[in-house]
Amino acid sequence: MFRYIIKRLLELFPTTLGIIVLTFMLFHVIGSSPAMVVLGKNATAESIAAFNTKYGYDKPLLIGDGNVFDSQFFSFAKNLVKGDFGISTEYDEPVSEILKRGVGPSLTITLPILLGGTVIGISLALLCAAFRGRIVDKGILMISTVLMSVNYVIWVLLGQFVFAFKCGLFPIWGYESAIYVVLPVIIGIISSLGTDIRFFRTAILDEIYKPYVRTAYSKGLSHTRVLTRHVLRNALIPIVTYISLSIPFLFTGSLMLETFFGIPGLGNVSINAIHSADMAVVRAVVVLGALLYQIVNLFTDILYALLDPRVRLT
Amino acid sequence: MRSLWHKLSVGGKLALIIIVSYFAVALWGEVSYRIAKANDVTPSYNQVRDDLRYLPPSLEHPMGTDNLGRDVSKRLVQGARIAFHVGIMTSLIAIPLGVLLGLLGGYFGGKTDSVVVWLCASIASMPGLLFILAISMVVGQGLLGIYLGIGLTTWVGVCRTIRAEVMKHRNRAYIQAARVLGYSHFRIMFRHLLPNVSHIILIQFSIRFPSAVATEVFISFLGIGVQGEPSWGIMINNARLRLWQGVWWEMTFVSLAIFLLVLSFNKLADDLRDILDPALRSGK
C-alpha cells in the first residue's frame with residue numbers, strides 16, 4: 001500500500017510539469033504581447049517598457065541572461081509553488097486576492113448543484129434500473145437525451161425568462177441573499193441531469209446482471225433491498241469517480257451561470273478576465289483548476305487502493 | 001454502409017435524415033456565402049433594412065426579422081453553415097491527432113505509451129471550457145481560435161478509446177502474423193490495426209460533433225468567437241435583448257435549430273454505439 005502511494009505521488013510530477021509547460025506555452029509563447037493588449041494600439045514605447053518591467057514580461061522566455069533561472073518560465077514556476085499568481089493587469093492587485101474572494105460565491109452555487117444533481121440523478125437512474133426495458137426506463141432515457149441536447153445558453157435564458165421575468169418567482173440578477181442562488185442552482189442541476197442519469201444508469205445496469213445479484217434475489221430479498229444494498233454499492237465505484245472529477249469545478253465555478261446571474265464567483269472573474277485580456281487571472285484559474293484535478297485524482301486513486309486490493313497490484 | 005442503415009433504429013434513421021438535411025442546408029448556405037463574397041456584395045442575410053425591423057413570421061419572412069430588419073431564416077441557414085464548419089474542422093484536428101497518438105501509444109507501449117498517456121493526462125486535467133476560451137483568446141478572435149481551442153483539447157477522448165482498443169488487438173494472431181511476415185510498424189498500424197478500430201472513429205465523430213457545436217454557440221454567445229457572421233451563438237445573444245419585449249421568433253427558431261441538430265447527433269451516436277460497439281451496449 002505504501003509503495004502504491006509513493007508510486008502514485010511520483011506520477012504527479014510529470015503531469016504537473018506538463019500542466020505548467022502547457023499553460024506557459026499558451027500564455028507566454030503563443031499569446032501576443034500582453035502590453036499591447038492592455039495598453040492598446042496607441043501605447044508609447046516607454047509605457048510598454050514600463051508595463052513589461054512591472055509585470056516581468058521583459059525577461060527572457062526560457063533561460064535567463066545572467067542567472068539561468070531569471071526567466072519568465074522559471075519565475076512563473078517558482079511563483080506558482082509559492083502560491084503567487086502574479087498581479088492582475090485589470091485590477092492592479094495580486095491575483096491570489098481576487099481568487100480568494102471568488103471561491104466562496106462559486107461554492108454557494110456549485111456545491112448545491114453537485115449534491116442536488118447527484119441525488120436526483122442516482123434516484124432516477126435507480127428507477128430506470130428497477131423498471132429496465134419498460135416504459136418508465138425508456139421514458140426517463142428519452143427525456144435525458146432531450147435534456148442533454150438543449151444548449152446551456154438556452155437553459156439560462158429560458159430559466160431567466162420564464163421563472164424570473166414572467167412568473168417573478170426569483171430575482172433575475174445579483175447576489176444578495178439565498179434566494180438569488182436558487183434559480184442558478186435549479187438551472188445548473190437540470191442542464192447536467194441528462195448526462196448524469198445516463199451515466200449512472202449504465203453504471204448500475206453494468207452490475208445488475210452479475211451473479212451476486214441473482215444470489216441476492218434467490219435468498220428472497222426484496223427488489224428494493226437488492227437494488228439499494230447490493231447493486232448500488234458496487235455501482236458506486238464508477239459513480240464516485242465520475243463525481244470526483246467534477247470537484248475541481250466546484251472551486252473554479254460555473255462560467256455561464258455566474259456571468260448570467262451576476263454571482264461574483266471565479267467563473268464570473270474568469271469571463272471578465274477573458275474579456276479584458278487579463279492574462280494573469282485566466283492563467284491562474286486554468287492552472288489552479290488543473291492542479292486541483294490532479295490532487296482530486298490522487299485522492300480518489302488512493303481511496304480505491306485502500307478499498308479494493310486489486311487496484312494496488314496493477 | 002448500407003447494412004448500417006438497416007441496423008439503425010427508427011429514431012436513428014430519422015436522426016440521420018435530419019442531419020443530412022442540415023448538411024444540405026449548410027451547403028446551400030456555403031454556396032450563397034461564396035457567391036456574395038465573389039460578387040463583393042453584402043449578402044442578403046447581412047443587409048440592414050430599417051423598414052423591416054422586428055417583423056413577426058409571415059409568408060415573406062417565414063421566421064420573422066431581427067433588430068436590423070434581417071431575415072431570420074436566412075441567418076439560420078448561415079448559422080448551420082458555421083456549425084458544420086466548426087463540427088468538421090474541429091474533427092479534422094482532433095480525430096487524426098487522437099487516432100495517431102492512440103495508435104502509437106497502444107501499439108508500441110513502453111516509453112512511447114508513457115509519453116502519450118502523459119500528454120492525455122496533462123490536457124485532460126485542464127478545466128475544459130476555460131482552457132478552450134483561453135486558447136481562442138490567445139489565438140485571436142474568430143473561427144480559427146475556436147477550431148484550435150476545441151480541436152486541440154478534445155482529441156484526448158479519441159486517443160484514449162483508440163489506445164485502449166489497440167491494446168486489446170496488439171497481441172492477437174493477425175498482428176503477430178503481420179509481424180512475422182516482416183511488415184513495417186507503420187504498415188501494421190495503418191493497414192492492419194486502423195481498419196479494425198475504425199468504428200471508434202465514426203462513434204467518436206458523432207459524439208464530438210454536437211458538443212463542438214454547443215461549445216461554439218457558447219463561445220460566440222460570449223462575443224469571443226465568430227465576428228460579423230451570423231453564428232447561432234451570436235443570434236441568441238442578439239435575440240435575448242428583445243425577448244422581454246415579446247420578440248419571440250428569433251430566439252425560438254434559433255433554439256429549435258440548435259436543439260434539433262444536437263438531439264439528432266446524440267440519438268445517432270447512441271445508435272452507432274449500440275450497433276458498432278457491442279461491449280458498450282447500454283443495459284442489454
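Both backbone and side-chain heavy atoms feed into the values below; hydrogens, waters and symmetry mates do not. Just so it is clear: chains get the letters A, B, ... in the order the sequence lines come, proteins before strands, and each one is counted from 1. These figures come from a predicted structure and were not determined experimentally.
Contact of A:Phe249 with chain B is made through the side chain alone, with heavy-atom distances under 4.5 Å. Neither the backbone nor the side chain of A:Arg283 comes within less than 4.5 Å of any heavy atom in chain B. B:Ile123 touches chain A through backbone and side chain together, each having a heavy atom under 4.5 Å away. Both the backbone and the side chain of A:Val150 come within contact range of chain B, judged by heavy atoms closer than 4.5 Å. Interface remark: B:Phe218 contributes backbone and side-chain atoms alike to the contact with chain A (heavy atom separation under 4.5 Å). Both the backbone and the side chain of A:Pro14 have a heavy atom closer than 4.5 Å to some heavy atom of chain B. For A:Val21, no part lies near chain B; criterion is any non-hydrogen pair under 4.5 Å. For A:Glu11, no part sits under 4.5 Å from any heavy atom of chain B, backbone or side chain. When heavy atoms are compared at a cutoff of 4.5 Å, A:Phe260 approaches chain B solely by way of its side chain, counted from C-beta outward.
Options A:Thr23, A:Leu245, A:Val153 differ in how many heavy-atom pairs under 4.5 Å they form with chain B, and the most are formed by A:Val153. The most heavy-atom pairs under 4.5 Å with chain A, out of B:Ser211, B:Pro210, B:Gly128, B:Ala124, come from B:Ala124. The residue among B:Asn237, B:Ile258, B:Leu243, B:Ile236 with the most heavy atom pairs within less than 4.5 Å of chain A is B:Leu243.
Shown here for B:Ala134 and A:Val282, the closest heavy-atom pair between the two residues is CB-CG1, 3.9 Å. Between B:Met126 and A:Ala290 the shortest heavy-atom distance is SD-CB, 3.9 Å. When all heavy atoms are compared, the tightest approach of A:Ile19 to B:Ser125 is CD1-OG, 3.5 Å. Taking both residues in full, the closest heavy atoms of A:Gly18 and B:Trp118 are given as CA-CZ2, 3.5 Å, listed atom of the first, atom of the second, then distance. Looking at every heavy atom in both residues, B:Pro127 comes nearest to A:Val285 through CG-O, 4.2 Å.
Under a cut-off of 6.0 angstrom, the local environment of CZ in B:Phe23 is sparse, with at most 12 non-hydrogen atoms contributed by other residues, nucleotides or ligands. Other residues, nucleotides and ligands contribute more than 12 heavy atoms inside 6.0 Å of the CZ atom of A:Phe165. Residue-environment remark: CD1 (A:Ile135) stays at or below the threshold of 12 foreign heavy atoms within 6.0 Å. At most 12 heavy atoms of other shown residues, nucleotides or ligands fall within 6.0 angstrom of atom CZ in A:Phe163.
Atom OG of B:Ser255 sits about 3.5 Å away from atom CD1 of A:Ile154, to the nearest 0.5 Å. Taking CG of A:Asp278 as the reference point, atom CE of B:Met137 lies at 8.5 Å (rounded to 0.5 Å). Summarising the geometry, atom CD1 belonging to A:Ile271 is positioned 4.5 Å from atom CG belonging to B:Leu222; distances are rounded to the nearest 0.5 Å.
With a 4.5 Å cut-off on side-chain heavy atoms, B:Asp270 and A:Arg198 count as touching.
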Stepwise side-chain contact (heavy atoms from CB on, under 4.5 Å) test for B:Phe259 and A:Val146: CA-CA 8 Å; B:Phe259 171 69; A:Val146 169; 3.6 Å; yes
From CA spacing to verdict: side-chain contact (heavy atoms from CB on, under 4.5 Å), A:Leu157, B:Phe221: CA-CA 12 Å; A:Leu157 293 175; B:Phe221 178 77; 4.2 Å; yes
Audit row: A:Ile274, B:Leu130, side-chain contact (heavy atoms from CB on, under 4.5 Å) steps and yes/no: CA-CA 9 Å; A:Ile274 282 183; B:Leu130 189 63; 4.0 Å; yes
